[in-house]
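Predicted, not measured: the structure shown is a model, and the values here were computed from it. Both counts, for ligands and for their atoms, begin at 1 and track the order of listing.
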Amino acid sequence: MSNTFPFVRPRRLRQNDRIRGLVRETHLNVEQLIYPVFIAEGISEPREISSMPGIMQWPLEMIGREAQRIAELGIPGLLLFGIPNEKDEVGSQAYAEHGVIQEAIQRIKAASPETLVITDVCLCEYTSHGHCGVLHNGNVQNDETLDLLSEMALSHVAAGADIVAPSDMMDGRVGALRHALDEHGYQQTPIMAYSVKYASGFYGPFREAAGSAPQFGDRRAYQMDPANVREALRELEQDIAEGADMVMVKPALSYLDVIRQVRDHCDLPLAAYNVSGEYSMVKAAAQLGWIDEQRIVMEMLTSIRRAGADIIITYFAPEVAQWLKG
Ligand code: PBG
């Protein structure tokens, strides 16, 4: 038998860095990282989010500088989240002409024109009840919410956003946004659809960061059940039919199998969101000296790419960009 040991020795190709580099199958590239940023109205200094060490809420006055810093690291884009001063039942500040995100987009574009600005299109940071849509008798109203999401997306693009990313998981939102954008002359604006977004405990720290925890109940009536993957493929097909240009799976690490299935099922560019809880757990263990942070982060992000994601949205982006430079 020549096709087995001792003739075959897989260790031959693991002998040194050069050989390992030659046969490496998966690569992490800074061009494929997106960095989420939080912009808060009514603050004058950056405010660190206690459950996400190193991640800030930025005042509007400073977001241009921060965008430049990120661009200089080679990171192509930002995903923006806004924290408004005032919230109401219908999330009016989400689609206000001078809302926090609309203002932030203009400042980022003025300071760093090459930065790709992607906006989160979802009402939860702007509603007094913290749900992602309009409520009637405690129920999130799907079709009424679509009109507000369309207004929100239009106001972002009018302010200069390059890509809109609907994350609310209402039915029909991708189609609604596509129609609204096209009707207003924005045929060239891509939609990055959070097609497969689970109702996940891993969003915990984000809700502190964005002040968006629901005041009652949870999001299980619109986000997906973590137990389901066939449903993920149905969501995916809907969003593709409605005109999604890119799709997303979120969270990433507990859903690597979902990323793989989505990758095998469609040819659209696929993003994975390495969410707040995934970040905070690593930071906490690293602070305790229990893990080697750099090694673990690189391994995690590589696993997301190996599962099939093209783009990774991650709070680790600036650190990874520096590590990749070596
Ligand atoms: C909704 C939104 C959420 C996240 C991104 N967009 C929170 C949620 O659905 O509750 C979570 C991101 C993270 O945890 O890092 N606006």
Side-chain angles (χ1 to χ4, degrees), residues 33-40 49-57 77-84 87 91 93-95 99-101 104 118-134 140 145 148-149 152-153 156 161 163-170 173 177 191-226 235 247-255 271-284 297 300-301 304 311-317:
L33 301 180
I34 299 290
Y35 186 49
V37 292
F38 301 95
I39 304 112
I49 297 148
S50 62
S51 56
M52 299 179 75
I55 303 296
M56 311 288 172
Q57 290 182 351
L78 302 176
L79 177 59
L80 309 191
F81 294 99
I83 301 110
K87 306 191 184 211
Q93 284 303 307
Y95 36 91
V100 59
I101 284 299
I118 309 174
T119 57
D120 187 72
V121 178
C122 181
L123 296 176
C124 69
E125 292 121 64
Y126 304 89
T127 53
S128 42
H129 44 74
H131 277 288
C132 302
V134 189
V140 173
T145 301
L148 302 185
L149 293 172
M152 186 177 183
H156 291 171
I163 300 174
V164 290
S167 69
D168 54 287
M169 290 303 276
M170 297 301 122
R173 73 225 195 282
L177 260 55
I191 297 176
M192 175 187 267
Y194 285 69
S195 301
V196 186
K197 176 174 177 180
Y198 288 93
S200 170
F202 287 96
Y203 308 148
F206 174 94
R207 292 183 186 169
E208 179 203 332
S212 66
Q215 299 302 301
F216 66 90
D218 56 41
R219 303 207 201 289
R220 285 176 232 232
Y222 38 104
Q223 299 178 351
M224 277 182 51
D225 184 340
E235 278 283 359
V247 293
M248 195 193 301
V249 173
K250 173 182 174 188
L253 292 171
S254 293
Y255 299 87
Y273 198 143
N274 175 218
V275 299
S276 57
E278 298 172 334
Y279 175 86
S280 300
M281 292 192 304
V282 171
K283 285 287 173 188
V297 169
M300 289 194 324
L301 298 195
I304 295 169
I311 301 159
I312 304 179
I313 301 167
T314 179
Y315 303 97
F316 291 114

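- Contact atoms of ligand 1 toward Glu125: 16 (N) (distance under 4.0 Å to a heavy atom of the residue).
- In summary, the atoms of ligand 1 found under 4.0 Å from a heavy atom of Arg219, numbered by their order in the structure, are 8 (C), 9 (O), 10 (O).
- Side-chain N or O atoms of Thr119 include none that pairs as donor or acceptor with a backbone N or O of Val164 at under 3.5 Å.
- For ligand 1, the atoms closer than 4.0 angstrom to any heavy atom of Tyr273 are 12 (C), 15 (O).
- Counting protein heavy atoms only, atom 4 (C) of ligand 1 is closest to Lys250 NZ, 2.6 Å.
- Between the Lys87 side chain and the Glu125 main chain, a donor and an acceptor come within less than 3.5 Å of each other.
- For atom 2 (C) of ligand 1, the closest heavy atom belonging to the protein is Lys197 NZ, 3.3 Å.
- In this structure, Lys197 forms a cation-pi arrangement with Tyr203, its terminal cationic atom sitting closer than 6.0 Å to the ring centre and no more than 45° off the ring axis.
- With a 4.0 Å heavy-atom cut-off, ligand 1 is reached by no atom of Tyr279.
- Scanning all protein heavy atoms for the shortest distance to atom 10 (O) of ligand 1 gives Arg207 NH2, 2.6 Å.
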Query raised in the report: Could you walk me through whether Ser50 and Glu208 pass the side-chain hydrogen bond (donor to acceptor under 3.5 Å, both in side chains) check?
Result: CA-CA 8 Å; Ser50 62; Glu208 179 203 332; 2.9 Å; yes
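- Short contacts between ligand 1 and Cys124, defined as distances under 4.0 Å to a heavy atom of the residue, involve ligand atoms 1 (C), 16 (N).
- Counting atoms of ligand 1 from 1 in the listed order, those under 4.0 Å from a heavy atom of Gln223 are 8 (C), 9 (O).
- Using a distance-only test at 3.5 Å, with no hydrogens or angles considered, no donor-acceptor pair links the side chain of Gln223 to the main chain of Ala221.
- A ring-centre distance under 6.0 Å is found for Phe38 and Phe206.
- Contacts with ligand 1 closer than 4.0 Å are made by no heavy atom of Asp168, backbone or side chain.
- Those atoms of ligand 1 with a heavy atom of Cys122 less than 4.0 angstrom away are 1 (C), 16 (N).
- For Ser276, heavy-atom contacts with ligand 1 shorter than 4.0 Å involve the backbone as well as the side chain.
- Atom 12 (C) of ligand 1 has its nearest heavy-atom neighbour, among Tyr194, Phe206, Phe81, in Phe206.
- Side chain of Thr314 to backbone of Val275: no donor-acceptor contact under 3.5 angstrom is found.
- A donor-acceptor pair under 3.5 Å is absent between the side-chain atoms of Glu278 and the main chain of Pro251, judged by distance alone.
- No donor-acceptor distance shorter than 3.5 angstrom exists from the side chain of Tyr198 to the backbone of Val249, with no hydrogens or angles considered.
- The protein heavy-atom contact nearest to atom 15 (O) of ligand 1 is Tyr315 OH, 2.6 Å.
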